[in-house]
Each structure stands twice: as structure tokens, then as C-alpha cells.
Amino acid sequence: TETNRSIVIFGDDWDPYIPYYSERRALMIPWDEHLYFADGTQQALKSLIASGHPVGVVIFAGLTAGSNDLQRDVITSLGRGFARGESINGSLVYFRK
């Protein structure tokens with residue numbers, strides 16, 4: 001992804017090393033799929049985007065990797081331009097085209 005793009009990570013096995021070593025800002029959300037649509041999470045996402053770091057990658061790890069409804073709802077809410085990438089170590093990765 002471009003250096004100004006951020007990463008959104010869902011799942012119970014997210015790890016702070018991902019944004020650190022990728023040198024990207026990130027929003028990490030535990031496995032509870034309802035948290036993504038909570039006011040606090042949506043405000044954090046809006047702040048991240050407003051700071052010049054639009055979402056470039058969405059990772060669904062752990063239990064969220066099998067939640068097709070969550071994946072559809074999240075990708076739809078972020079707008080067009082995301083393509084489902086490969087499954088990596090049981091996680092699903094969506095990249096902005």
C-alpha cells in the first residue's frame with residue numbers, strides 16, 4: 001500500500017507488530033463484529049481518514065475471517081475500490097485497488 005494508507009484489522013489475533021513493522025497507521029478492532037459500527041470506532045475511523053490516512057487494507061483475522069456478513073458490511077461502508085486478496089495464515093485480506 002501507499003505509505004499514507006492505513007490498515008484496519010479485525011480479529012482476536014491482531015498484533016501491534018503489523019502496523020509497527022509495516023510503518024502504517026492502523027485501527028484494530030477485537031473479534032466482536034458489532035464494535036465496528038459503534039460510535040467510538042466510527043469516530044476513530046473518520047479521524048484516521050481526516051488525518052490524511054485513508055484505508056488501504058482491511059484484514060479479517062481469527063473468527064472474523066469466516067464472517068461473510070461482516071466483511072460485506074465493512075467493505076461496503078468504506079466505499080468502492082476494494083478487492084479481496086488472498087487468504088494469508090487464515091486471515092482474509094482486502095486491498096484497495
Side-chain angles (χ1 to χ4, degrees):
T1 65
E2 297 174 29
T3 57
N4 70 324
R5 299 281 178 166
S6 60
I7 302 169
V8 174
I9 304 169
F10 289 87
D12 57 354
D13 59 354
W14 48 263
D15 189 332
Y17 288 111
I18 295 170
Y20 180 79
Y21 285 111
S22 65
E23 298 180 358
R24 302 291 186 273
R25 293 187 182 254
L27 177 60
M28 298 175 160
I29 304 163
W31 65 268
D32 184 346
E33 58 191 70
H34 301 290
L35 287 179
Y36 176 75
F37 297 100
D39 291 340
T41 304
Q42 287 299 301
Q43 184 58 46
L45 183 60
K46 288 177 186 175
S47 296
L48 187 64
I49 293 168
S51 71
H53 296 90
V55 177
V57 175
V58 181
I59 300 170
F60 295 93
L63 297 175
T64 64
S67 179
N68 293 330
D69 292 340
L70 173 65
Q71 294 166 29
R72 181 197 63 236
D73 292 346
V74 168
I75 297 303
T76 299
S77 76
L78 292 172
R80 300 179 128 188
F82 281 91
R84 182 174 170 178
E86 295 182 29
S87 177
I88 302 171
N89 293 330
S91 298
L92 293 177
V93 181
Y94 287 75
F95 293 96
R96 186 174 292 278
K97 299 183 230 177

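This is a predicted model, so every value here is computed, not measured.
Annotation for R5: atom CZ counts as buried by contact number, over 12 foreign heavy atoms lying within 6.0 Å.
Under the side-chain contact (heavy atoms from CB on, under 4.5 Å) criterion, E23 pairs with no residue at all, not counting sequence neighbours. Shown here are the side-chain contact (heavy atoms from CB on, under 4.5 Å) partners of Y17, two or more places apart in sequence or in another chain: D15, Y21. The salt bridge (Lys or Arg N to Asp or Glu O under 4.0 Å) search around D69 returns R72, not counting sequence neighbours. S51 pairs by the side chain to side chain donor-acceptor pair (under 3.5 Å) definition with H53, not counting sequence neighbours. With sequence neighbours excluded, the residues that form a side chain to side chain donor-acceptor pair (under 3.5 Å) with S77 are Y36. Contacts of R24 classified as side chain to side chain donor-acceptor pair (under 3.5 Å), with partners at least two apart in sequence or in another chain: T1. Applying the ring-ring contact (aromatic ring centres under 6.0 Å, His included) criterion to Y94, with sequence neighbours excluded, gives F60.
Listed for the T76 side chain is no donor-acceptor partner under 3.5 Å among the backbone atoms of D73. Listed for the Q71 side chain is a donor-acceptor partner under 3.5 Å among the backbone atoms of T64.
Counting only heavy atoms from C-beta outward, the side chains of S6 and L27 never approach each other to under 4.5 Å. Residues L45 and T41 form no side-chain contact, since every pair of their non-hydrogen atoms from C-beta on lies 4.5 Å or further apart.
Residues F95 and V57 approach most closely at CD2-CG2, 3.7 Å, considering heavy atoms. In terms of heavy atoms, P54 sits closest to I49 at CA-CG1, 4.2 Å. Between S91 and A65, the closest heavy-atom pair is CA-CB, 4.4 Å. Heavy-atom minimum distance, V58 versus V55: CG2-CG1, 3.8 Å.
In this structure, CD1 in I7 is found 8.0 Å from CE in M28, a value given to the nearest 0.5 Å.
Sorted pairs that involve residues 77-90 and meet salt bridge (charged side-chain N to carboxylate O under 4.0 Å, His left out), not counting sequence neighbours, are lacking altogether.
The side chain to side chain contact (heavy atoms under 4.5 Å, CB included) with F10 is formed by just one residue from the set I59, L70, L92; it is L70.
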